[in-house]
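See below for the structure under consideration.
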Amino acid sequence: MSHPTESSHASREEAPLPMSIGLLLLRVGISVLMLVHGIAKVKGFSEMSEGFPDPLGMGHQTSLIMAIASEVGCSLLLIAGLFTRLAALPLAFTMVVAAFVVHADDPWQKKELAIVYLLVYASIALLGPGRFALDRLFFGGNSEPANQPENAT
């Protein structure tokens, strides 16, 4: 048990190896899958820019640019494990918009993939990157999952 005056960094233990491997697989796997969507948007930018959904009223082209920034830029950050928790947030937001705004009136099958991505990004934002991430190198492990209290079940 850590002393109450210790910093939160000092009171955190390193994530167990299986958890860190699982977080690495989750981060990299989901990010590679999302990159496919983002790269398709980059390749089809000129064709998509006039008709891309504009659910937030930013304009079709701006909405497409924001989706690309999230799906490509944040996915690359997650693969590297850099700014992991922060990088997961725009991706989660993009999936909230896709599932509950763009596809609000669509059947479940149209929303399901966005909701699956949302659940994964929310989990990554809460759990952090694990051991195998640049966050650990640059920020000294502050992105590790927080300790569970000793009496937690």
Side-chain angles (χ1 to χ4, degrees), residues 8-9 12 14-149 152:
S8 64
H9 173 70
R12 292 178 185 225
E14 193 170 77
L17 183 60
M19 177 188 260
S20 289
I21 292 170
L23 289 168
L24 175 66
L25 290 172
L26 189 66
R27 277 191 359 251
V28 172
I30 203 72
S31 296
V32 168
L33 293 172
M34 182 54 72
L35 271 174
V36 173
H37 295 278
I39 290 170
K41 288 176 177 71
V42 170
K43 288 181 177 180
F45 185 85
S46 57
E47 296 84 23
M48 298 175 79
S49 63
E50 293 304 315
F52 194 77
D54 182 25
L56 303 178
M58 299 185 299
H60 298 287
Q61 190 171 12
T62 302
S63 293
L64 179 57
I65 291 168
M66 298 302 286
I68 290 170
S70 174
E71 293 175 8
V72 174
C74 292
S75 290
L76 291 172
L77 289 171
L78 285 184
I79 289 169
L82 186 59
F83 304 110
T84 302
R85 292 174 191 244
L86 187 61
L89 296 178
L91 287 158
F93 179 76
T94 301
M95 295 302 104
V96 166
V97 172
F100 301 111
V101 180
V102 174
H103 296 294
D105 296 328
D106 292 339
W108 171 253
Q109 291 80 6
K110 286 287 234 184
K111 302 174 198 205
E112 184 177 16
L113 184 58
I115 293 169
V116 169
Y117 277 111
L118 170 60
L119 292 171
V120 173
Y121 294 134
S123 297
I124 291 170
L126 291 170
L127 294 171
R131 293 184 200 183
F132 308 111
L134 290 178
D135 281 343
R136 187 164 187 251
L137 177 67
F138 293 127
F139 306 115
N142 285 338
S143 292
E144 289 289 322
N147 261 358
Q148 293 288 329

Does E50 CD have over 12 foreign heavy atoms under 6.0 Å away?
->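 Counting other residues, nucleotides and ligands, CD of E50 stays at 12 neighbours or fewer.
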
What closest approach, in Å, do A92 and L118 show between heavy atoms, and which atom pair accounts for it?
->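 Here A92 and L118 meet closest at O-CD1, 3.6 Å.
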
Minimum heavy-atom distance between A133 and G130, given as atom pair plus value |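 A133 and G130 have their closest heavy atoms at CB-O, 4.1 Å.
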
Sub-3.5 Å donor-acceptor pair from the side chain of [X] to the main-chain atoms of [Y], do we have one?
{"X": "D106", "Y": "K110", "answer": "no"}
{"X": "H60", "Y": "S49", "answer": "no"}
{"X": "R27", "Y": "L78", "answer": "yes"}
{"X": "S63", "Y": "D54", "answer": "no"}

Spatial distance of atom [atom1] ([X]) from atom [atom2] ([Y]) [nearest 0.5 Å]:
{"X": "M95", "Y": "S70", "atom1": "CE", "atom2": "OG", "result": "6.5 Å"}
{"X": "L64", "Y": "E47", "atom1": "CG", "atom2": "CD", "result": "10.5 Å"}
{"X": "E71", "Y": "K41", "atom1": "CD", "atom2": "NZ", "result": "3.5 Å"}
{"X": "S75", "Y": "M34", "atom1": "OG", "atom2": "CE", "result": "6.0 Å"}
{"X": "L137", "Y": "L82", "atom1": "CG", "atom2": "CG", "result": "9.5 Å"}
{"X": "T94", "Y": "I68", "atom1": "OG1", "atom2": "CD1", "result": "11.5 Å"}

[X] versus [Y]: any side-chain heavy-atom pair under 4.5 Å?
{"X": "K111", "Y": "F100", "value": "no"}
{"X": "L23", "Y": "P129", "value": "no"}
{"X": "I79", "Y": "L35", "value": "yes"}
{"X": "H37", "Y": "L113", "value": "yes"}

Audit row: L26, L127, side-chain contact (heavy atoms from CB on, under 4.5 Å) steps and yes/no | CA-CA 11 Å; L26 189 66; L127 294 171; 5.6 Å; no

Before giving the answer on side-chain contact (heavy atoms from CB on, under 4.5 Å), spell out for T84 and L77 the whole-Å C-alpha distance, their side-chain angles and the decisive distance to 0.1 Å.
-> CA-CA 7 Å; T84 302; L77 289 171; over 6 Å; no

Can L91 and I124 be said to form a side-chain contact (heavy atoms from CB on, under 4.5 Å), step by step?
-> CA-CA 11 Å; L91 287 158; I124 291 170; over 6 Å; no

Can you list the steps and then say if I21 with F132 is a side-chain contact (heavy atoms from CB on, under 4.5 Å)?
-> CA-CA 8 Å; I21 292 170; F132 308 111; 3.9 Å; yes

Fit a plane to each ring of F83 and F139, take the angle between them on a 0 to 90° scale, and name the class: parallel (under 30°), tilted (30 to 60°) or perpendicular (over 60°).
->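 F83 and F139: tilted rings.
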
